Number of protein chains: 2
Amino acid sequence: MDQPIGVIDSGVGGLTVASELMRQLPKEQLIYLGDTLRCPYGPRPKEEVIQYTMEMVDFLLNRNIKMLVVACNTATAFTLDLLRSRLTIPVIGVIQPGARAAIKITNNKRIGVIGTEGTINSKAYPLALQDINSTIRVNDLACPRFVPLVEEGILSGPEAHRVVYESLKPLKEKNHIDTLILGCTHYPLLKDIIQEVMGNHIQIISSGEETAREVSTILSYHKKLYNGDKEPNHQFYTTGHLAVFDRIAKLWLNQPISMIENAVIGVN
Amino acid sequence: MDQPIGVIDSGVGGLTVASELMRQLPKEQLIYLGDTLRCPYGPRPKEEVIQYTMEMVDFLLNRNIKMLVVACNTATAFTLDLLRSRLTIPVIGVIQPGARAAIKITNNKRIGVIGTEGTINSKAYPLALQDINSTIRVNDLACPRFVPLVEEGILSGPEAHRVVYESLKPLKEKNHIDTLILGCTHYPLLKDIIQEVMGNHIQIISSGEETAREVSTILSYHKKLYNGDKEPNHQFYTTGHLAVFDRIAKLWLNQPISMIENAVIGVN
């Protein structure tokens, strides 16, 4: 179907999901909306996250999307069920794909989850995991220093290594997980260091990769995959500074963006 | 939902898919039907495969399944679209999940596929892969000696090693694949030897694991996952010899089967 896939995020983190969608589904066209102006959603009350998310969704529904990807863990935790009951198009969040991939991969049924304080406090991952398999043991840990690190572009070197090492110490010391879910869309940019700190015996799940895989599954199931031969023309919108978003997007997507514009949503 | 998942296969191969379903979705109840009497389907004409498959499907629909898994590559290649158009419950085959997982994992976009002659000749995997990404290069190879080896229980030792080595030689020599799809539900039982022969740099995709993952995705999406606390009571049916099926099932599932019965379907 010749309609775009809509991707929403509170800011730039969802670009890691967009990047994987572009890699795994290279024929599909994306419309990405990052609410950079009101980012982060993590510390906001649930009602506010719902309101902001619905404003983003309205913006994309007006642009005729065939599917919605909620590429933000906080927004997924608070709005996924609501969106699925209200929208007639398929809606996918980032939490369940990561949970299912971890269940597929784990051998000892001990799964670690790292994320922002909002996501970890919501218990969305333990609930999603144990809903499927109640014998899974989950060790979760908030890593509040990771997002600032990534947004400042510190993705390697001694400082990044030190922050990751100090943050993950509790998870590394006391537990025997064999699988670790990166429960925040910023974290894949630190994946190499996280792998190094945790050790090569730990299998790391990136929600972006897994979400893109499930977008493929659901689109295929609903016969909505694009099968024409037009090159996709991705569109990016941000509620914040164009230049800042543009710089990060180029870097994270590893390619220039052809179309980027400001989006006016809600009261901003 | 308190209804079983139906799994059909031309014989015992689909037990590797059932095994993964039991591991990844331990709360779900399965009804498995293996048409061992008329196995293999691979060399049969398309119309016959369709007829036999429809007979299996009718048997399971009468047992009130909530979802159908076609755990047989040949039956998937020939009947998936038909079944999806006719049935009101979700239907999943084994080909697309393996294809999607390979696309997620590959770095160099060169994917190998091994399967029976029927599956390889159908070109179902290259079609599924290139439908999603037309720049993927596929090297497929029929390995007709693998199924007899597995059915005779020769899963390790020098003979198994020799057959796997000789069979995979053409794939190993001339190509530079980084990902290999086991496009036959028997092959996961030879996975360790295949990995050894191909080398550790090759990532091996088992359709059973990936299909179970997508069953989870689709059931969850349709809000059909079982969330009660009854222990599942799996049921196995075969059109062939009970004792033979029972012996293989215990071995492959690594646990005894509580309920196994003969199924009478079609004209047999």
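Excluded from the calculations below are hydrogen atoms, water molecules and symmetry mates; all remaining heavy atoms, backbone and side chain alike, are included. Predicted model, so just to flag it, every value in this text is computed and none were measured. Naming: A, B, ... by sequence-line order, numbering from 1 per chain.
The two atoms that bring B/Ser216 and A/Ile132 nearest to each other are OG-CD1, 4.0 Å, heavy atoms only. What you find for B/Asp81 and A/Lys223 is that their closest heavy atoms are OD1-NZ, 4.2 Å.
Contact count against chain B (heavy-atom pairs under 4.5 Å) is highest for A/Arg213 among A/Gln24, A/Glu214, A/Arg213. The choice from B/Ile92, B/Ile136, B/Thr217 that makes the most heavy-atom pairs within less than 4.5 Å of chain A is B/Thr217.
Atom CG of residue B/Asn133 and atom CG of residue A/Leu25 lie 9.0 Å apart, to the nearest 0.5 angstrom.
Using a 4.5 Å cut-off between heavy atoms, B/Thr135 makes no contact with chain A at all. Residue contact with chain A, scored on non-hydrogen atoms closer than 4.5 Å, involves the side chain of B/Ile218 exclusively. Contact of B/Gln96 with chain A is made through the side chain alone, with heavy-atom distances under 4.5 Å. Only the side chain of B/Arg84 comes within less than 4.5 Å of a heavy atom of chain A; its backbone N, CA, C and O stay farther away. Neither the backbone nor the side chain of B/Ala212 comes within contact range of chain A; no heavy atom of the residue lies under 4.5 Å from a heavy atom of that chain.
A 6.0 Å sphere centred on CZ of B/Arg63 holds more than 12 heavy atoms belonging to other residues, nucleotides or ligands. Other residues, nucleotides and ligands place more than 12 heavy atoms under 6.0 Å from the CG atom of A/Asn108.
Note: A/His222 and B/His222 have parallel aromatic rings, judged against thresholds of 30 and 60 degrees for the angle between ring planes.
B/Lys27 places a side-chain N or O within donor-acceptor distance of the main-chain N or O of A/Asp131, the cut-off being under 3.5 Å.
With hydrogens and angles left out, the side-chain atoms of A/Arg100 and B/Ser220 include a donor and acceptor closer than 3.5 Å.
Between A/Lys104 and B/Glu20 no salt bridge is recorded (no basic side-chain N to carboxylate O distance below 4.0 Å).
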